[in-house]
A.B. asks: 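I am attaching a structure below and will ask some questions about it afterwards.
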Amino acid sequence: MHVVRFSRNGDIAFGVLEGDADEQAVAVIQGHPFGDLRLTGERVAASEVRMLPPILPSKVVAIGRNYAEHAREMGAEAPAAPIIFLKPSTSVIGLGDGIVYPEQSQRLDYEAELAVVVGRLCRDVPRERATEVIYGYTCGNDVTARDLQRADGQWTRGKSFDTFCPLGPWIETDLDPADVAISATLNGEVKQSSRTSLLLHDIPALVAYVSAVMTLIPGDVILTGTPEGVGPMAVGDEISVTVEGIGTLTNRVIARD
Ligand code: MG
């Protein structure tokens with residue numbers, strides 16, 4: 001099931017995307033999609049609505065250096081335990097929204113990531129029960145002002161500008177994420193290409209680790225880390241993140257107005 005979030009005539013709702021690319025429709029969900037999903041019975045043409053980020057999380061918990069080859073390219077050790085940091089909810093944008101190049105930075109990087117969407121209020125989740133609290137998966141881009149990240153010695157400023165967390169195009173609720181392809185293309189050229197089987201700390205381990213620190217609430221997102229091949233973007237560039245079994249998230253880098 002592809003769960004989307006959209007606005008129509010000023011109202012925001014969740015929906016289930018149906019049909020093929022030529023004739024897509026959205027079956028409108030009553031309230032939120034978590035727990036027992038109820039449809040209102042109304043269907044609208046996808047072309048009649050404006051798609052939004054598929055979820056507006058209370059927090060995005062991101063994982064640093066979770067692929068060995070990426071840790072190596074950053075000149076860092078692969079961490080024994082997950083490195084976690086937060087991206088604010090205000091950094092989230094959706095498919096097609098512009099990534100704004102901040103005037104404080106000279107080095108803006110893409111990072112293709114598999115994003116986990118939490119579906120239940122939870123804490124201290126044992127890894128064997130992680131799948132019970134996961135609602136689905138989407139594509140994420142952990143946009144990073146690399147120069148600011150390095151200059152500050154901790155990551156908040158470099159990771160947190162508005163528009164630094166593209167998510168989408170939808171939440172895929174039926175996916176086994178253990179071994180799927182993940183890639184990034186910049187202006188059509190493949191820059192990152194890996195598989196989630198190479199995650200150093202797998203998704204159940206991340207859910208257990210993060211939920212032992214903070215309560216997770218429905219809609220919260222865990223970005224699982226980026227593979228090797230990260231690199232810079234310039235104003236005008238088009239960056240696409242594709243995760244096998246989910247879809248493609250494309251955004252363009254725009255100048256700050
Ligand atoms: Mg990252």
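Counting convention: from 1, in listed order, for ligands and their atoms alike.
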A.B. asks: One thing to verify: whether E244 and R195 come together as a salt bridge, which I'm taking to mean a side-chain N less than 4.0 angstrom from a carboxylate O.
C.D. replies: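 A salt bridge is present here (some side-chain N lies under 4.0 Å from a carboxylate O).
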
A.B. asks: For the residue pair T156 and F85, establish whether any side-chain heavy-atom pair is separated by less than 4.5 Å.
C.D. replies: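 Not in contact.
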
A.B. asks: Tell me whether R252 is salt-bridged to D237, with the criterion being a basic N under 4.0 Å from an acidic carboxylate O.
C.D. replies: no

A.B. asks: Hey, are E42 and R8 close enough for a salt bridge, meaning a charged N less than 4.0 Å from a carboxylate O?
C.D. replies: yes

A.B. asks: Would you call D36 and R38 a salt bridge, taking side-chain N to carboxylate O under 4.0 Å as the test?
C.D. replies: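 Result for this pair is no, no salt bridge flagged.
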
A.B. asks: Are the charged groups of K191 and E228 less than 4.0 angstrom apart, N to O?
C.D. replies: no

A.B. asks: Quick check for you: within a radius under 2.8 Å, how many protein N, O or S atoms neighbour the Mg ion (ligand 1)?
C.D. replies: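 My tally for this metal is 3.
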
